[in-house]
Amino acid sequence: MCGILAIFDASTSDVDLRKRIVSLAKRLRHRGPDASGVEMIPNGAIAHERLSIIDPESGSQPLLSTSVGDDVILAVNGEIYNHKELKESLRKPYDFSSDSDCEVVIPLYLEQGLDFVSKLDGMFAFVLYDRKAGCFIAGRDHMGIIPLYIGWRADGGIMFSSELKGLKDDCVRFQCFPP
């Protein structure tokens with residue numbers, strides 16, 4: 001079990017936003033005591049609290065795309081069961097930076113756009129940000145096994161978290177993200 005926390009479209013300064021996401025991510029630390037990571041994006045940030053199960057040496061998150069100019073950032077909680085088959089099915093070579101089962105989401109997204117989600121077999125929740133397109137997506141396994149919540153901030157920002165306690169102080173409204 002890992003913890004995801006993401007803030008998009010915030011009107012907060014980068015310095016304050018980084019302090020805030022680090023503070024909120026500490027509320028999820030019990031979900032992933034092995035490593036913490038934060039990646040800043042324009043008007044937002046993605047944080048990950050990691051429980052090392054697959055590839056404990058090099059699978060830290062958020063994961064960053066390895067292809068020059070792709071600029072994709074990914075945080076995942078869960079497991080992609082068919083990751084080996086998905087890696088073999090890629091049409092373009094991709095230089096994986098880890099043996100993480102989750103990293104395959106990045107090249108799938110780059111090749112197939114949003115259609116890649118239907119190819120994933122497993123129990124997972126993820127948040128992905130594409131710097132080039134300036135967009136973010138979130139997804140969750142079709143059964144809703146892995147928790148993910150969405151919240152709306154008073155400043156118009158959107159947040160995602162593995163637990164409600166990551167959202168409750170910053171969001172005026174929140175709900176369970178649908179499978």
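On a predicted model such as this, the values are computed, not experimentally measured, just so you know.
- Under the 4.5 Å side-chain heavy-atom criterion for ILVMFWY residues, a single connected hydrophobic cluster contains both L90 and L74.
- To the nearest 0.5 angstrom, D99 atom CG is 9.0 Å from H83 atom NE2.
- Contact check for D155 versus D9: no side-chain heavy atoms found under the 4.5 Å cut-off.
- Using modelled atom types and a 3.5 Å distance limit, the side chains of R29 and S36 yield a donor-acceptor pair.
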query = After noting the C-alpha distance and the side-chain angles of I46 and V38, does the key distance pass the side-chain contact (heavy atoms from CB on, under 4.5 Å) rule?
reply = CA-CA 6 Å; I46 299 173; V38 173; over 6 Å; no
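- Here L5 contributes atom CG and S162 contributes atom OG; the two are 8.0 Å apart, rounded to the nearest 0.5 Å.
- A donor-acceptor pair under 3.5 Å is formed between the side chain of S13 and the backbone N or O of D16.
- Hydrophobic cluster membership is shared by L17 and L167, with clusters built from Ile, Leu, Val, Met, Phe, Trp and Tyr side chains linked at under 4.5 angstrom.
- No path of Ile, Leu, Val, Met, Phe, Trp and Tyr side chains, each step under 4.5 Å between heavy atoms, connects L64 with V76, placing them in separate hydrophobic clusters.
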Q. Is there a salt bridge (Lys or Arg N to Asp or Glu O under 4.0 Å) between E39 and R131 once you walk through the steps?
A. CA-CA 12 Å; E39 188 68 30; R131 286 187 204 268; 3.0 Å; yes
query: Where do T66 and F96 land on the side-chain contact (heavy atoms from CB on, under 4.5 Å) test, with the steps shown first?
result: CA-CA 7 Å; T66 59; F96 287 89; over 6 Å; no
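- Between the R27 side chain and the G166 main chain, no donor and acceptor come within less than 3.5 Å of each other.
- Rounding to the nearest 0.5 Å places CD1 of I106 at 9.0 Å from CD1 of I73.
- Here the closest non-hydrogen pair linking M40 and D14 is CE-O, 3.6 Å.
- Closest of all the heavy-atom pairs between C102 and G78 is SG-O, 4.1 Å.
- Counting heavy atoms from C-beta outward, C2 and R31 have side chains that stay 4.5 Å or more apart.
- Side-chain contact between V15 and K19 is present, with at least one heavy-atom pair separated by less than 4.5 Å.
- A distance-only check finds no donor-acceptor pair linking the side chain of Q61 to the backbone of H48 [under 3.5 Å].
- The hydrophobic clustering, which links ILVMFWY residues whose side-chain heavy atoms are closer than 4.5 Å, places I80 and M123 apart.
- Side chain to side chain, T12 and R153 meet the donor-acceptor criterion of an N or O pair below 3.5 Å.
- Put simply, CG on D121 and CG on L86 are 8.5 Å apart, with the number rounded to the nearest 0.5 Å.
- For V172 against A154, the heavy-atom pair with the smallest separation is CG1-CB, 3.9 Å.
- Between F8 and Y129, the ring planes are parallel. Angles under 30° get that label, and only those over 60° would be called perpendicular.
- Within 6.0 Å of atom NZ in K26, 12 or fewer heavy atoms from other residues, nucleotides or ligands are found, so the atom counts as exposed in its surroundings.
- Nearest heavy atoms, S161 versus L28: OG-CD1, 3.8 Å.
- F126 has its side chain within reach of V117: a pair of non-hydrogen atoms, C-beta onward, lies under 4.5 Å apart.
- Taken together through direct or relayed side-chain contacts under 4.5 Å among Ile, Leu, Val, Met, Phe, Trp and Tyr, I41 and V127 form part of one hydrophobic cluster.
- In terms of heavy-atom proximity, E111 sits nearest to K92 at OE2-N, 2.7 Å.
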Checking V105 against F116 for the side-chain contact (heavy atoms from CB on, under 4.5 Å) test, could you report, in this order, the C-alpha distance in whole Å, the side-chain angles of both residues, the deciding distance, and whether it holds? CA-CA 8 Å; V105 168; F116 84 89; 3.6 Å; yes
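- How far CG of N82 is from CD of E88: 11.0 Å, rounded to the nearest 0.5 Å.
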Which donor-acceptor pairs under 3.5 Å do the side chains of residues 134-150 make with protein atoms, sequence neighbours left out?
from	atom 1	to	atom 2	distance (Å)
R140	NE	I146	O	2.6
R140	NH1	F177	O	2.4
R140	NH2	G144	O	2.8
R140	NH2	I146	O	3.4
D141	OD1	M143	N	3.2
D141	OD1	G144	N	2.7
D141	OD1	I145	N	2.8
D141	OD2	F124	N	3.1
D141	OD2	I145	N	3.4
D141	OD2	I146	N	3.2

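- Here the shortest heavy-atom pairing between V104 and P107 reads O-CD, 3.2 Å.
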Point to revise | side-chain contact (heavy atoms from CB on, under 4.5 Å) assessment of S65 paired with Y94 | key: CA-CA 9 Å; S65 60; Y94 185 81; 3.8 Å; yes
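- Between E163 and H30, the side chains place a donor N or O and an acceptor N or O closer than 3.5 Å (distance only, hydrogens not considered).
- Taking 4.5 Å as the limit, some side-chain heavy atom of L24 sits within range of a side-chain heavy atom of M159.
- For N77 (side chain) and I4 (main-chain N/O), no donor-acceptor pair under 3.5 Å exists by modelled atom type.
- Between the side chains of Y81 and D101, no donor N or O sits under 3.5 Å from an acceptor N or O.
- Rounding to the nearest 0.5 Å places CD1 of I21 at 4.5 Å from CD1 of I7.
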